[in-house]
Protein chains: 2
Amino acid sequence: MSHFPSEHIYRPYEEGLGALRERLLLMGGLAEQRLQAALAALADRNMPGCTEVVRGDEPINRLNLEIDDRSFKLLALRQPMAIDLRAIMSATKINSDLERVGDLAVNIAEAGARYLRHAPLATERDVAAMGDIAREMLHDALDAYMRGDSRLATQVLNRDDEMDALKNDIFRRLLDRMLAAPASVEPALELVLISRHLERVGDHATNIAEDVIFMVSALDVRHHPPASPE
Amino acid sequence: MSHFPSEHIYRPYEEGLGALRERLLLMGGLAEQRLQAALAALADRNMPGCTEVVRGDEPINRLNLEIDDRSFKLLALRQPMAIDLRAIMSATKINSDLERVGDLAVNIAEAGARYLRHAPLATERDVAAMGDIAREMLHDALDAYMRGDSRLATQVLNRDDEMDALKNDIFRRLLDRMLAAPASVEPALELVLISRHLERVGDHATNIAEDVIFMVSALDVRHHPPASPE
């Protein structure tokens with residue numbers, strides 16, 4: 001059984017829940033791309049790549065407005081019930097989270113551009129590892145949305161602790177580095193900021209996963225420790 | 001003319017838009033209190049005060065869930081139109097923003113507790129000034145919500161640049177300090193983090209102000225430079 005739109009609100013496609021869902025997945029793809037581009041520019045010491053990410057948030061912002069507008073019109077004109085209503089409410093929330101991920105890609109690229117003015121620090125590798133987890137969490141959350149898969153969504157929730165541990169480890173190591181070598185204060189500070197931005201990407205992926213669980217099962221799992229879905 | 005609920009959906013009060021609005025204002029008050037408590041604990045070098053903020057996010061989290069649940073039920077059972085629908089959609093967004101402000105109060109208190117282990121830095125005063133602006137922005141955004149005042153909401157949007165300038169100034173000064181005196185690396189780093197958290201409180205106040213403008217005038221002003229309302 002599909003967890004997605006019932007027939008009567010599915011048509012006409014261009015105005016229905018199907019179109020909303022398709023736009024949201026498009027936005028998810030853009031958010032993933034921008035995060036990936038920011039992390040790649042950092043790894044490749046590619047300064048123009050950073051600038052490109054910083055300047056390129058117009059398409060995601062446009063989609064952000066369009067998705068909210070579509071959600072609003074669906075609510076106003078269709079008066080949807082139950083699962084369709086949950087799908088629309090989830091879409092508006094996921095939309096906000098994806099827009100924030102786009103902003104965080106900009107923040108990462110900005111800090112990355114400042115970081116690249118200095119010699120690389122070894123901890124960059126751990127920050128990149130954190131970036132990989134953030135990307136995976138986001139990808140899995142969007143995949144869970146696409147498939148209406150609350151089991152996969154729950155797995156995303158369970159990675160929060162992993163991110164947190166990595167963030168704390170990176171913070172401690174960068175602090176040690178700053179204390180030992182004043183010349184590394186500036187780049188180390190930027191890596192601290194980048195790791196915080198990545199933590200927030202993980203938070204947004206978690207929010208999306210929670211919305212998927214709500215959409216699929218009508219359970220609100222926020223503010224509770226994650227558990228296995230049946 | 002009131003920008004708030006039309007009669008038919010206003011009653012019975014306990015289940016209507018009025019109750020939703022009242023809960024949201026209660027949540028706004030809690031978020032303000034928690035931000036204020038975190039900043040006061042920092043200013044007073046009050047370590048137990050920090051711990052109290054870190055531990056005390058249960059009430060705001062409970063309200064967060066309750067408000068979303070009320071919004072959902074209003075949408076499902078009342079099939080509201082136009083202004084009432086905008087009020088409910090805005091409430092769910094403002095609800096998310098206030099919950100994040102509560103989280104940021106925790107983050108500020110956590111960083112504050114670590115900062116207080118060290119001798120105070122002069123830049124603490126500028127961080128406190130940034131805290132004042134963040135609190136004012138949040139307060140004005142909530143006031144604009146309460147009164148349906150899009151002019152006041154627009155003023156909140158216009159303070160974003162002020163926050164940004166202060167944040168950059170604080171960052172530059174703390175960086176200089178870290179470079180000049182390795183002993184101040186740890187506390188300076190915590191102040192950088194606190195200033196970033198405060199910047200985000202300002203972002204959430206901005207989001208709330210944008211939602212107020214949407215609720216009152218049906219205009220979506222996000223991703224556009226702020227302008228004066230007529």
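Within the 3.5 Å criterion, the main-chain N or O of N64(B) finds a donor-acceptor partner in the side chain of N95(B).
Within residues 101-120 of chain B, no residue has a heavy atom under 4.5 Å from a heavy atom of chain A. Heavy-atom proximity under 4.5 angstrom to chain B picks out P182(A), V185(A), E186(A), L189(A), E190(A) from residues 181-191 of chain A.
A search for side chain to side chain donor-acceptor pair (under 3.5 Å) contacts involving R172(A) returns D169(A), not counting sequence neighbours.
In this structure, OG in S195(A) is found 7.0 Å from CG in L174(A), a value given to the nearest 0.5 Å. Annotation: the span from K167(A) atom NZ to E162(A) atom CD amounts to 14.0 Å, rounded to 0.5 Å. Atom CG of L74(B) sits about 12.5 Å away from atom CE of M89(B), to the nearest 0.5 Å. With values rounded to the nearest 0.5 angstrom, M137(B) atom CE is found 9.5 Å from N158(B) atom CG. Atoms OG1 and CG, on T92(A) and D211(A) in that order, are 8.0 Å from each other to the nearest 0.5 Å.
Each side chain to side chain donor-acceptor pair (under 3.5 Å) pair with one or both residues in residues 25-35 of chain A, not counting sequence neighbours, appears once here: E32(A)-H139(A).
Using a 4.0 Å cut-off between charged nitrogen and carboxylate oxygen, E66(A) and R62(A) do not count as a salt-bridge pair.
Summarising the local packing, CD of E52(B) is surrounded by 12 or fewer heavy atoms from other residues, nucleotides or ligands at distances under 6.0 Å.
For E58(A), no part lies under 4.5 angstrom from a heavy atom of chain B. Heavy atoms closer than 4.5 Å to chain B are found in both the backbone and the side chain of R86(A).
Looking at N207(A) and K93(A), their side chains never come closer than 4.5 Å, going by heavy atoms from C-beta outward.
Heavy-atom pairs under 4.5 Å with chain A peak, among L179(B), D57(B), L193(B), at L193(B).
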